[in-house]
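The first residue in the sequence is number 1, and the count goes up from there.
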Amino acid sequence: MRVDPVDPVARHGAGWSLIDAQERCRMVACDGAVFYLASRTYGAPWRVLLGDEALKETLAGGPAPVTAEALVRTAVAH
């Protein structure tokens, strides 16, 4: 999901950083945590905004990441 930067700034203040930030997933029926990705421009590769090695290690045990676009394609196929 794309995040409007106004939302986290409104909730956490202007000094808050997306780097190493995790929040509860807001999607219906999701009990996971989310982290942030960033891209320098449209079409450029995404970078995981995790610098903390312990947080990076938690990614290895989780399910493969998917985009909303991929989820829609999967739902349409079924």
>> Using the side chain to side chain contact (heavy atoms under 4.5 Å, CB included) criterion, which residues pair with Ala44? Sequence neighbours excluded.
In response: Ser39, Thr41

> What residue pairs, at least two apart or across chains, pass salt bridge (charged side-chain N to carboxylate O under 4.0 Å, His left out) with a residue in residues 35-47?
Replying inline: none

> Who pairs with Glu53 by salt bridge (Lys or Arg N to Asp or Glu O under 4.0 Å), at least two apart in sequence or on another chain?
Replying inline: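 Only Lys56 meet the salt bridge (Lys or Arg N to Asp or Glu O under 4.0 Å) criterion with Glu53.
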
Exercise answer: donor-acceptor pairs, residues 9-23 side-chain atoms, under 3.5 Å, sequence neighbours excluded:
from  : atom 1 : to    : atom 2 : distance (Å)
Arg11 : NE     : Asp7  : OD1    : 3.3
Arg11 : NE     : Asp7  : OD2    : 3.4
Arg11 : NH1    : Glu23 : OE1    : 2.6
Arg11 : NH2    : Asp7  : OD2    : 3.1
Arg11 : NH2    : Glu23 : OE1    : 3.1
Arg11 : NH2    : Glu23 : OE2    : 3.4
Ser17 : OG     : Ile19 : N      : 3.1
Asp20 : OD1    : Gly51 : N      : 2.6
Asp20 : OD1    : Asp52 : N      : 3.0
Glu23 : OE2    : Tyr36 : OH     : 2.5

>> Grouping I, L, V, M, F, W and Y whenever their side-chain heavy atoms are under 4.5 Å apart, do Trp46 and Val34 come out in a common cluster?
In response: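 Trp46 and Val34: separate clusters.
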
